[in-house]
Every structure is written in structure tokens, then in C-alpha cells.
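Note sheet for the following structure.
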Amino acid sequence: MGLGICIILIAVGAILTFATDWELERADLDLVGLIFMAVGLIGTAVYSSILRRRRVVVPPVAPTVTDDDRRKLL
């Protein structure tokens, strides 16, 4: 799940919970909105933790040159 979808889930959940007064016979839209917001928040946290791991860059280790190696080259 991408970051955009997580943000959309949070927005749709907030709209269903706070901005609508629809009543369905078989579904509680407030609960559905809360579930959407929770899934969006969990997805955002997971996405950001994965992104943080990808950005860690280990610098390459430079080879050490000793005096013996220099003498061999000359």
C-alpha cells in the first residue's frame, strides 16, 4: 500500500465519521470511517518505517594501503 492510498483512506474515513449523517440499515458508517482511519494510520506508519530502512546508506570502505603494498608497486 502506498503513501497516497493511506492518506486517501484517512480522508475517506474522516469524511464518513465526521461529515456525514447518512444512516444505513446494515452498516454503521461511523465505525467504517474509524476502521478506514485506523488502517490508513497503520499503513502510513509501516510505509514510513520501510522507507526509513531503505534510505540508510552505508559508505564504502576504502582499502587500506600498507608500506609493503607501496613497495610492491614501485
Donor-acceptor contacts under 3.5 Å from residues 19-41 side chains, at least two apart:
from	atom 1	to	atom 2	distance (Å)
Thr20	OG1	Leu16	O	2.9
Asp28	OD1	Asp30	N	3.4

Non-hydrogen side-chain atoms of Leu9 and Thr44 separated by less than 4.5 Å: no
Ala14 backbone acceptor or donor facing Thr17 side chain under 3.5 Å: no
